There are 2 protein chains.
Amino acid sequence: MTDPLILHEDPISGNCYKIRLTASLLGISLERRTYDIRNGETRSPEFLRSINANGRIPVLQIGDRFLPESNAACYWLAEGSDLIPSDRFDHAEMLRWLFFEQYSHEPNIATLRFWLAYIGKDNLDDTQLGQINSKTRSGQEALRVMDAHLVQRDWFAGTGLSIADIALFAYTHVAEEGAIFSLDDHPAICRWMARISDEPGFVPMKPGDH
Amino acid sequence: MTDPLILHEDPISGNCYKIRLTASLLGISLERRTYDIRNGETRSPEFLRSINANGRIPVLQIGDRFLPESNAACYWLAEGSDLIPSDRFDHAEMLRWLFFEQYSHEPNIATLRFWLAYIGKDNLDDTQLGQINSKTRSGQEALRVMDAHLVQRDWFAGTGLSIADIALFAYTHVAEEGAIFSLDDHPAICRWMARISDEPGFVPMKPGDH
């Protein structure tokens, strides 16, 4: 890899952490440029023009090319490594869990964490307040599905750690921030999180955490 | 491929259509088993136990294995074909648009179509009604991002048709059902949809349409 790699990120974002964790597990160095999403720094005309027209982070910059979407960036970093299963079905099952993460997990668990632990309930608008109950139910359902899957296996896809585990770990391990979700009833998830934390090269989301 | 392929689907679902379109473009035969999502047929104990614990369709059955998530199923079908770019960056960019489709496009454009054209506004609950405006804005933004990307290129990733185009086509081409979204202001999207319809092996979502 000769192109310099720059991660455009906000350190509070689990989506950004996925990419840092993937890089760390692979021994890849990333330069980090931080933005504050709560101050709209990813909606500036400059950001929209040169980094991501969708106004979102993370974006992985590879030389002069820009790759949005956290799970796509993890895949780019991990291609050719053991973090991507080579068997055709296992590979598709890894993708299955990456799409589950973005559709059934992140919009519920990550969004409620952001609203309640970072924005604050008093600052939410009526549209957001009206979704708390439905997002709580959907997030609990996502955790139930994950726990049931992990009862009989150590990893989400294939026979070892893959980027599906990394992607799901990012917001699951901070799911209790915001005081909506509890992992106490999901022992298989807790054991799986411990396995990930024990991986060589693991880095915590926040400095000092483990 | 020796395993029989069975698509568990609802014909009104664009997510199911993606898989049928991918298979048709590749000349692959699928057996179809249909369920009515409006009658809760994918939430039955039998479905949850044997097809998908997440209670969703589509599920692609490959022999005795089950693969949920439409975009993962498209990838499994298309692996090794021209519908998956081989260049590392182009491949990651294809994944980027697949994740964009599931995060920024489908939950807005497909959900409003389902609510307004299939469930009916009078049958929506307060949580759903409260989200119509925000989903309208987010869906319009997704169409704007797509159109801007297509102004300077024929396909979403790489140099030819990929499963990213197929995934985004599925709900874009029926986006006007429900009378919320209009494609009139997005000429690059309209030209791209015409290119897809002209592909050898193209099948419409509903019999008789084109």
Side-chain angles (χ1 to χ4, degrees), chain A residues 1 3 15 48 52-56 59-60 62-63 65-80 88-104 106-107 125-135 137 141-142 144-146 148-149 157 164 167, chain B residues 1 3 15 48 52-56 59-60 62-63 65-80 88-104 106-107 125-135 137 141-142 144-146 148-149 157 164 167:
Chain A
M1 253 179 306
D3 284 326
N15 283 325
L48 294 173
N52 184 9
N54 199 19
R56 296 180 191 278
V59 175
L60 180 63
I62 305 159
R65 296 191 290 185
F66 295 86
L67 184 60
E69 300 291 338
S70 55
N71 292 350
C74 289
Y75 194 110
W76 187 91
L77 285 171
E79 185 162 340
R88 182 179 178 182
F89 185 84
D90 292 346
H91 179 273
E93 193 160 58
M94 176 197 74
L95 292 177
R96 169 247 176 127
W97 288 107
L98 291 174
F99 289 114
F100 168 90
E101 191 270 334
Q102 285 288 287
Y103 195 87
S104 299
E106 204 268 10
D125 63 30
D126 288 344
T127 301
Q128 293 167 321
L129 289 170
Q131 293 178 70
I132 289 178
N133 287 343
S134 63
K135 283 184 182 291
R137 283 194 302 274
E141 174 67 9
R144 188 194 64 74
V145 169
M146 288 173 64
H149 186 71
Chain B
M1 252 177 307
D3 284 327
N15 283 326
L48 295 173
N52 184 9
N54 199 20
R56 296 179 190 279
V59 174
L60 181 63
I62 305 159
R65 297 190 290 185
F66 295 85
L67 184 61
E69 300 292 338
S70 55
N71 292 350
C74 290
Y75 194 110
W76 187 90
L77 285 172
E79 186 161 340
R88 182 178 178 182
F89 185 83
D90 292 345
H91 179 273
E93 192 160 58
M94 177 198 73
L95 292 177
R96 169 246 176 129
W97 288 107
L98 290 174
F99 289 115
F100 168 89
E101 191 270 336
Q102 284 289 287
Y103 195 87
S104 299
E106 204 268 11
D125 63 32
D126 288 345
T127 301
Q128 293 168 319
L129 290 169
Q131 293 177 70
I132 289 179
N133 286 343
S134 63
K135 284 186 181 290
R137 283 194 302 274
E141 174 66 10
R144 187 193 65 73
V145 169
M146 288 173 65
H149 186 71

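Quick caveat, the model's predicted, so the values are computed rather than measured. Here is the naming used below: chain letters follow the sequence lines, and residue numbers restart at 1 for every chain.
- With a threshold of 4.5 angstrom between heavy atoms, A/S70 does not approach chain B through any atom at all.
- Listed for the A/N54 side chain is no donor-acceptor partner under 3.5 Å among the backbone atoms of A/R56.
- Once rounded to the nearest 0.5 Å, the distance linking CE of B/M146 with OG of B/S104 reads 11.5 Å.
- Of the two parts of A/F100, the backbone and the side chain both hold a non-hydrogen atom closer than 4.5 Å to a non-hydrogen atom of chain B.
- A/Q102 touches chain B through backbone and side chain together, each having a heavy atom under 4.5 Å away.
- Counting only N and O atoms by type, the side chains of B/E106 and A/Y103 include a donor and acceptor under 3.5 Å apart.
- Of the residues considered (A/D126, A/N133, A/L95, A/V145), A/L95 shows the highest number of contacts with chain B, using heavy-atom pairs under 4.5 Å.
- If you measure heavy-atom distances from A/D125 to chain B, you find no contacts under 4.5 Å at all.
- Interface remark: of the candidates B/E79, B/Q131, B/R65, B/R65 forms the most heavy-atom pairs closer than 4.5 Å to chain A.
- Of the listed residues (B/P68, B/G130, B/A92), the one with the most heavy-atom contacts under 4.5 Å to chain A is B/P68.
- A donor-acceptor pair under 3.5 Å is formed between the side chain of A/N71 and the backbone N or O of A/L98.
- Pairs engaging residues 94-103 of chain B under the salt bridge (charged side-chain N to carboxylate O under 4.0 Å, His left out) rule: B/K18-B/E101, B/E93-B/R96 [sequence neighbours left out].
- Using a 30° and 60° split on the angle between ring planes, A/H91 and A/Y75 fall in the perpendicular class, above 60°.
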